[in-house]
Amino acid sequence: MKQDNQPAIMQDENQIIAERRAKLAELRNTGVAFPNTFRRDSLASELHKQYDEQSKEALEDSQTEVKVAGRMVLKRVMGKASFATIQDMSGRVQLYISKDHTGQAAHDAFKQYDLGDILGARGRLFKTKTGELSIRVTHIQLLTKSIRPLPEKFHGLTDQEQKYRQRYLDLITNEETRKVFTIRSKIIQAMRDFFVTRDYLEVETPMMHPIPGGATARPFTTHHNALDMALYLRIAPELYLKRLVVGGMEKVFEINRNFRNEGISTRHNPEFTMLEFYEAYQDYVYLMDFTEEMLRSLAVNVLGTTSMTYQKRKIDLAQPFQRLTITQAIQKFHPEYTDTLLNDRTALINKLQAMGISYNPNDGIGGLQLSLFDETTEHLLFEPTFIIDYPAEVSPLARRNENNPDITDRFELYIAGREIANGFSELNDPEDQAARFHEQTKAKEAGDAEAMHFDADYIRALEYGLPPTAGEGIGIDRLVMLFADCPSIRDVILFPQLRRED
RNA sequence: GGGUCGUUAGCUCAGCUGGUAGAGCAGCGGACUUUUAAUCCGUUGGUCCAGGGUUCGAAUCCCUGACGGCCUACCA
């Protein structure tokens, strides 16, 4: 304890931090405390990949010298020789530090290093008597002093709140967490490749919208000072992307954030990442085939296989995805709902009321069926399933079906009981679109906070002519949850939204 | 938003029907030249989430609040 040295800093800190601070102060006094001259030439996992299979003797003979750097996560001091495990972006590798190879002074200095310190080391590769690839260190250097103690080395960080608030600690200590975010990155990378190789153009449309649109949801509001105008964080990029199709960008996609001012749960974060893509001269049936192909391709690229386990249940994307209408899906799991019941408005309303399911009393038969579906069937769709034929009243941007104007050429894809994708043939009739916007604004005036605004410029764009187009959105976070087998959306977002800490 | 469970040392966790707080890891001191969550001996460290109440006495019981997990509602 060097309490007398640093009384001011000591006040609200424990002794471990105080001791480490004292070591840092000593470093400042004797030289450069935060050097940036060490350059590594090897990564831990590459060393393992390259040399794990080599025999002890061959490795010794090769006299391979390497330079590595990373955070010290394990330390075993045995008098005149020590072992340390450092962790870099690729994995871990063991260092052997003995005074015979580093000299007495360097080994003594090493003993002062703490778990969590960031080190650079140089030495020759060898194998210990238990056969572990290690580096016989000749030079070792402290690159960054870590003042705060790491979580317990065996259990790591387990407190969920701390994992979310201090993700860096979660990443340092939990291999599983690093894996989840690697999968996330690979999914997005593979997705980009998938579109780019199919001649799609990646674009970025505004995140701040003067008129929030493209979805039914409550937006965040902000204000631009110079323009003195209200702006909304976007709830969807849809209307901008379709303007681009009007402009001749016939195949576009965007992977970016949406913001919705709604509840937070294991499936909802206020900001979440969406893929949206649009292709001219295609329809929703094409999209379903396209989606199956894309998900299979992503799975093979990221996981190496189309089969995965989600929360102990197997899913194989190689199987053809089922395609069911809303009523077919309901009846598949609940045969007791007869055609007569599902198609009789009064009977259906009685049923919904009896079950305590909330519904919009102004809805037609389709909307009521959807309310029943949401409550009774959606969560049971574990196998990948496209639900098709959504009612027009809940699909204000989708094209009406040729044979039945009450429904639209639209689908939603469900996997593991969750909506993963939503796609449809786009409504490109400007007069129908204007009429549907009017219906939405009426609902808004009647108090529906999520109803859409009337977007006059979007109508103007449609009036120039949107080619027949298919468009789809896929929730990236939920897809990552599926691929990485995570039960909560917070597990796949690096910094999920939480309340203020204080 | 509602329900429910939780919050004890830097971390992982014990702490029974109320008697004034413990272990392991980390730290500190010592031993140890091939360890593997190194081992062995010794040892420091606490606003028991916060505030109120009941009680001779509260980590423990009651109330209020904060934060979080899970379920649920709106939604993707």
Review point. Does a side-chain N or O from A:Lys111 land closer than 4.0 Å to OP1 or OP2 of B:G30, or not?
Key: no

**Study point:** Phosphate contact (B:C28 OP1 or OP2) by A:Lys23 side-chain N/O below 4.0 Å
**Key:** yes

Revision key, fill the gap. Of B:U12, B:C71, B:U34, the nucleotide closest to the side chain of A:Leu157 is B:U12

Practice item. Please work out if A:Glu152 contacts a base, only the sugar-phosphate, or nothing of the nucleic acid, heavy-atom cut-off 4.0 Å. Key: base

Point to revise | Sugar-phosphate, base or nothing in reach of A:Gly263, heavy atoms under 4.0 Å | key: base

Review point. Where along residues 163-177 of chain A does a heavy atom fall under 4.0 Å from RNA chain B?
Key: A:Tyr164, A:Arg165

Exercise for review: Using a cut-off of strictly less than 4.0 Å, decide whether A:Gln162 has a side-chain nitrogen or oxygen near OP1 or OP2 of B:G68.
Suggested key: no

Review point. Between the side-chain atoms of A:Thr158 and the base atoms of B:U12, is any donor-acceptor pair under 3.5 Å?
Key: no

Review point. Without hydrogens or angle criteria, can the side chains of A:Gln94 and A:Ser134 be said to hold a donor-acceptor pair below 3.5 Å?
Key: yes

Exercise for review: With C1' as the reference atom in both, quote the distance from B:U55 to B:C49 in angstrom, rounded to an integer.
Suggested key: 23 Å

Practice item. Answer yes or no: is there an ion pair linking A:Glu132 with A:Lys127, defined by an N-O contact shorter than 4.0 Å? Key: no

Exercise for review: Using distance alone, with no hydrogens and no angle criterion, decide if A:Ser98 and A:His101 have a side-chain donor and acceptor under 3.5 Å apart.
Suggested key: yes

Practice item. For the side chain of A:Arg499, starting at C-beta, report the closest nucleotide among B:U72, B:G68, B:A37. Key: B:G68

Revision key, fill the gap. B:G1 -> Watson-Crick or G-U wobble partner, both distances under 3.5 Å, gives B:U72

**Study point:** Sorted by number, the residues of residues 79-97 of chain A with heavy-atom contact under 4.0 Å to RNA chain B
**Key:** A:Gly79, A:Lys80, A:Ala81, A:Phe83, A:Gln94, A:Tyr96

Review point. What's the spacing between A:Asp88 CG and A:Leu43 CG if we round to 0.5 Å?
Key: 5.0 Å

Study note, to complete from the structure: RNA chain B nearest-nucleotide lookup for A:Leu115 and A:Gln160: closer to the 5′ end is A:Leu115

Review point. What nucleic acid atoms does A:Asn422 come within less than 4.0 Å of, heavy atoms only: base, sugar-phosphate, or nothing?
Key: nothing

Exercise for review: Would you kindly say whether A:Thr273 and A:Arg184 are connected by a side-chain donor-acceptor distance under 3.5 Å?
Suggested key: yes

Practice item. Could you check whether A:Arg76 gets within reach of a base, just the sugar-phosphate, or nothing at all, counting any heavy atom under 4.0 Å? Key: base

Review point. With a non-hydrogen cut-off below 4.0 angstrom, is A:Asn269 in contact with a base, only sugar-phosphate, or nothing?
Key: base

Check your understanding: Looking just at side-chain N and O atoms, do A:Ser82 and A:His107 make a donor-acceptor pair shorter than 3.5 Å?
Key -> yes

Exercise for review: Assign A:Gly156 to base, sugar-phosphate, or nothing according to its heavy-atom contacts below 4.0 angstrom with the strands shown.
Suggested key: sugar-phosphate

Practice item. Among the candidates B:U33, B:C67, B:C70, find the nucleotide nearest to the side-chain atoms of A:Met78. Key: B:U33

Practice item. Not counting sequence neighbours, list each pair that qualifies as a side-chain hydrogen bond (donor to acceptor under 3.5 Å, both in side chains) and has a residue in residues 413-425 of chain A. Key: A:Tyr310-A:Arg418, A:Arg410-A:Asn422, A:Glu412-A:Tyr414

Check your understanding: With a 4.0 Å cut-off on heavy atoms, is A:Phe259 in touch with a base, just the backbone sugar-phosphate, or nothing at all?
Key -> nothing

Point to revise | Exercise: do A:Asp491 and A:Tyr164 side chains pair donor with acceptor under 3.5 Å | key: yes

Check your understanding: A:Lys153 near the nucleic acid: base, sugar-phosphate alone, or nothing, with a heavy-atom cut-off under 4.0 Å?
Key -> sugar-phosphate

Check your understanding: Base, sugar-phosphate alone, or nothing: which one does A:Ile420 contact when heavy atoms must sit under 4.0 Å apart?
Key -> nothing

Study note, to complete from the structure: From the candidates B:A37, B:C70, B:U44, the one with an atom nearest any side-chain atom of A:Phe154 is B:A37

Review point. What interatomic distance, in whole Å, is found between C1' of B:C28 and the corresponding atom of B:U44?
Key: 7 Å

Review point. Taking everything shown except A:Lys23 itself, do over 12 heavy atoms lie less than 6.0 Å from its NZ?
Key: yes

**Study point:** Pair A:Arg257 + A:Glu271: basic N to acidic O under 4.0 Å
**Key:** yes

**Study point:** Distance-only donor-acceptor check, side chains A:Arg71 and A:Gln87, under 3.5 Å
**Key:** no

Exercise for review: Answer with base, sugar-phosphate or nothing: what part of the nucleic acid does A:Glu450 contact at a heavy-atom distance below 4.0 Å?
Suggested key: sugar-phosphate

